[in-house]
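Below, each value reflects all heavy atoms present in this structure, side chains not excepted, and no hydrogens, waters or symmetry copies.
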Amino acid sequence: MARRPLPRILSSGTASLVRGRDIARTAADSATDVLHPLLVIGRGLRVLAAAGRRRWSETPKDKRGPALFLGAACVLVVALVPYGPLLALITLMATAAWHGRDRTPVKTGPSDAEAERLGSLYEALVPYFSIPEDPSPLFSHGGEWDKAFSGYEFDQAGRLTRLHIRYPAYFTDGEAASRARIEALLHAKSGRGREYLFDWDEEGNQLDVSVLAALPTGIAAQPFVSSPGESVLGFTDAGNVQRTLPVVDGDEPRDVPPVIWRTGPRSTEPHLLAVGQPGSGTSTLLRSLALQALRHGGDLLVVDGGGSGEYACLSGRGGVLAVECGPVGAVATLEWAAQETERRLIAIHRAREAGRPAPEDTRRPLWILLDQPSVLAHLAVAEGGPDPMTHLQVPLRHGRPAHVTVVVAEQFDHLELLHDSVWQHTRARIVLGPAAIQQISDVLGLPPHTTPTTLVPPGRGYARLGTGPVHRLQVPATPDPYDEAAHPAHRQAVLELLPERQPGPGPALAKAVGAAALDVPERP
């Protein structure tokens, strides 16, 4: 039996149906765009009408008559006023448009995933914030986390960025070990690899946990707006300092909060110690301080114990008295620095006895920068010579009134080789690079207020000036301008800040170094 063909309307109706559906959808979208104002006004009138009915139903029956009379009087006044009905209509349409506008729904609570994350964090805190004797514990297994967590924020990836915790009054928040356990737990449960700030309110029994943004790493060496006697160690968080500096970050100007170190006779932290691992940025910090010291008219002595040649760009520059890399030159340079400190002290004392101001040459800042001095001390002892660090005690002890500043940079592995005078007189401390909390506490005297991370850029660390708080720190990018692996723009910025080259070192220092070289033979 032959199969009869399908009718034409059934065989070609699918394409026509799809095309008709597209045309209808396009027409509906166009109509919606054209009629959108009317739809908004209609939605607003519906909202106003619902509000009027609700208000009328809430009005007592004995007051409805006066309300009707007042409304009729208002309508009569509007009708008699010139252009009153038109103005009333415009006002009504504007009010309806305002109440009928599109409103983004407000998020009233966490999502299921966020609630589950908060619940697991609450359960993890139960053993630390509860005791069996508590009749109504705030933290209990299977309890309600929203009573303990009064505020929270999540990022787009669903990770916790801010959390406000209420804890019981009997928790020992005055003990560092108790706080450290809570901070370690929150760090592990909220996500590693980020830096958290823990703000403990011991009076209110509250803890605020927040994720800190990364400090800017694109700020290169530049003429910072600072007065003589002030040095910019780096940049920190906005809430920790009361001052900002205008800088150029890449190609854009911005204001950033700096960590300012003040030196000179009135400074309470006249000397500085920087500690870090290889590649952490301690040499970058010393170059940054050297450029700032030269910009303010200071004299510079550099002792490079590592012998890497990262300070070769300073050799022969105006204001740079010497750049030494060997033990013989380091001994002669530091011996001259000790004698210069004593000469300045004597001159200042005699001037004060005579009632005169201090001589001009004693008020010129003298900076002594030592990078890894323990290496030179080891080489000097191995060759049977004197330890260069013995001559550093005089500038450290008496350098403040003589305008002498000492900056020492050392690695964690060689800290035990530093003299006691360095630890005693360097009250400004910096730790750069990845380090454990205990290592940071041993150098700064206090643990950091944030959780250190294992992956940090060069020049990133913590700073503490004297007995002040611990600041997060990012040292401005100051690479060796002769290092071809460094960023070209950062290298050019350093070259522009370097003074012009001079024909030779200062006569006093050249004479001292020459005399020392005659007594001790140079290394091959």
Side-chain angles (χ1 to χ4, degrees), residues 107-110 114-115 117-141 143-155 159-215 236-244 257 259 431 436-438 440-441 444-453 462-473:
K107 184 179 180 181
T108 58
E114 295 173 353
R117 195 177 188 90
L118 291 173
S120 63
L121 188 60
Y122 173 85
E123 292 290 336
L125 291 173
V126 168
Y128 302 93
F129 284 151
S130 64
I131 57 176
E133 296 81 7
D134 192 352
S136 57
L138 183 61
F139 285 81
S140 61
H141 291 292
E144 299 178 358
W145 58 264
D146 54 350
K147 295 181 179 180
F149 300 158
S150 56
Y152 47 84
E153 294 179 7
F154 290 87
D155 58 10
R159 297 194 302 174
L160 196 66
T161 59
R162 191 176 188 87
L163 181 64
H164 191 77
I165 305 175
R166 294 174 54 246
Y167 56 87
Y170 52 76
F171 175 71
T172 56
D173 52 4
E175 299 178 1
S178 300
R179 294 197 304 268
R181 286 194 295 269
I182 299 299
E183 293 175 1
L185 174 64
L186 293 174
H187 183 205
K189 294 295 183 179
S190 300
R192 298 183 183 274
R194 298 182 298 174
E195 198 162 2
Y196 293 86
L197 172 64
F198 300 95
D199 186 9
W200 291 86
D201 182 8
E202 299 179 5
E203 296 182 359
N205 300 321
Q206 297 179 0
L207 170 61
D208 190 67
V209 185
S210 58
V211 178
L212 296 175
L215 295 176
T236 184
D237 299 301
N240 294 342
V241 295
Q242 303 296 327
R243 178 178 174 181
T244 59
V259 178
V431 176
I437 295 181
Q438 187 60 42
I440 300 174
S441 302
L444 302 183
L446 282 179
H449 60 292
T450 62
T451 54
T453 57
Y462 298 91
R464 188 188 182 201
L465 303 179
T467 58
V470 179
H471 299 284
R472 288 206 308 164
L473 182 72

**Asked** Listed by chain and number, what are the side-chain hydrogen bond (donor to acceptor under 3.5 Å, both in side chains) partners of T450, not counting sequence neighbours?
**Response** E195, Y462

**Complete:** What one should report as the nearest heavy-atom pair of P448 and I440 is CD-CG2, 3.9 Å

**Item:** Given W200, Y128, F139, the one that forms ring pair (Phe, Tyr, Trp, His ring centres under 6.0 Å) with Y167
**Value:** W200

**Prompt:** Nearest 0.5 Å, what's the OG-CD distance between S190 and E183?
**Reply:** 12.0 Å

**Message:** If I take atom CZ from residue R166 and atom CG from residue N205, how far apart are they, to the nearest 0.5 angstrom?
**Reply:** 9.0 Å

**Prompt:** Can you name the nearest heavy-atom pair linking P447 to S441, along with the distance?
**Reply:** CA-OG, 3.2 Å

**Complete:** All heavy atoms of S210 vs all of R162, minimum pair found to be CB-NH1, 3.4 Å

**Request:** Name all residues meeting the side-chain hydrogen bond (donor to acceptor under 3.5 Å, both in side chains) criterion together with R464; count only those two or more places apart in sequence or in a different chain, and write none if there are none.
**Result:** none

**Prompt:** Can you name the ring pair (Phe, Tyr, Trp, His ring centres under 6.0 Å) partners of Y196, sequence neighbours left out?
**Reply:** H187

**Fill in**
Rounding to 0.5 Å, atoms CG (L207) and CG (D199) come to a distance of 8.0 Å

**Message:** For residues 117-126, which residue pairs pass the salt bridge (Lys or Arg N to Asp or Glu O under 4.0 Å) check, not counting sequence neighbours?
**Reply:** none

**Prompt:** Which residues satisfy the side chain to side chain contact (heavy atoms under 4.5 Å, CB included) test with P127, sequence neighbours excluded?
**Reply:** none

**Request:** Could you list the residues that satisfy side chain to side chain contact (heavy atoms under 4.5 Å, CB included) with H164, not counting sequence neighbours?
**Result:** S150, Q206, D208

**Request:** To the nearest 0.5 Å, tell me how far D201 CG sits from D173 CG.
**Result:** 9.0 Å

**Message:** Please determine whether side-chain contact (heavy atoms from CB on, under 4.5 Å) holds for the pair I165 and L125, giving the CA-CA distance in whole Å, both sets of side-chain angles, and the decisive distance to 0.1 Å.
**Reply:** CA-CA 10 Å; I165 305 175; L125 291 173; 4.1 Å; yes

**Prompt:** Which atom names give the shortest non-hydrogen contact between I437 and P452, and what distance separates them?
**Reply:** CG1-CD, 3.8 Å

**Residue pair L121, L160: steps toward the side-chain contact (heavy atoms from CB on, under 4.5 Å) verdict** = CA-CA 11 Å; L121 188 60; L160 196 66; 4.0 Å; yes

**Prompt:** Side chains of D146 and L118: does their closest heavy-atom pair fall under 4.5 Å?
**Reply:** no

**Asked** Listed by chain and number, what are the ring pair (Phe, Tyr, Trp, His ring centres under 6.0 Å) partners of H449, not counting sequence neighbours?
**Response** none

**Prompt:** Quick one: side-chain hydrogen bond (donor to acceptor under 3.5 Å, both in side chains) partners of S178, sequence neighbours excluded?
**Reply:** T172, E175, R181

**Request:** Classify the angle between the aromatic ring planes of Y122 and F149 as parallel (below 30°), tilted (30 to 60°) or perpendicular (above 60°).
**Result:** perpendicular

**Message:** Applying side chain to side chain contact (heavy atoms under 4.5 Å, CB included), can you list everything that pairs with A115, at least two apart in sequence or on another chain?
**Reply:** P110, W145

**Request:** Only counting residues at least two apart or in another chain, list the ones meeting side chain to side chain contact (heavy atoms under 4.5 Å, CB included) with A238.
**Result:** P257

**From L215 atom CG to H471 atom NE2, the distance as rounded to the nearest 0.5 Å** = 12.5 Å

**Request:** Return the set of residues passing ring pair (Phe, Tyr, Trp, His ring centres under 6.0 Å) with F198 (not counting sequence neighbours), or none when no residue passes.
**Result:** none

**Request:** Please round to the nearest 0.5 Å and tell me the distance separating atom CG of L212 and atom OG1 of T161.
**Result:** 11.5 Å

**Item:** Contacts of type side-chain hydrogen bond (donor to acceptor under 3.5 Å, both in side chains), residue E144, not counting sequence neighbours
**Value:** none

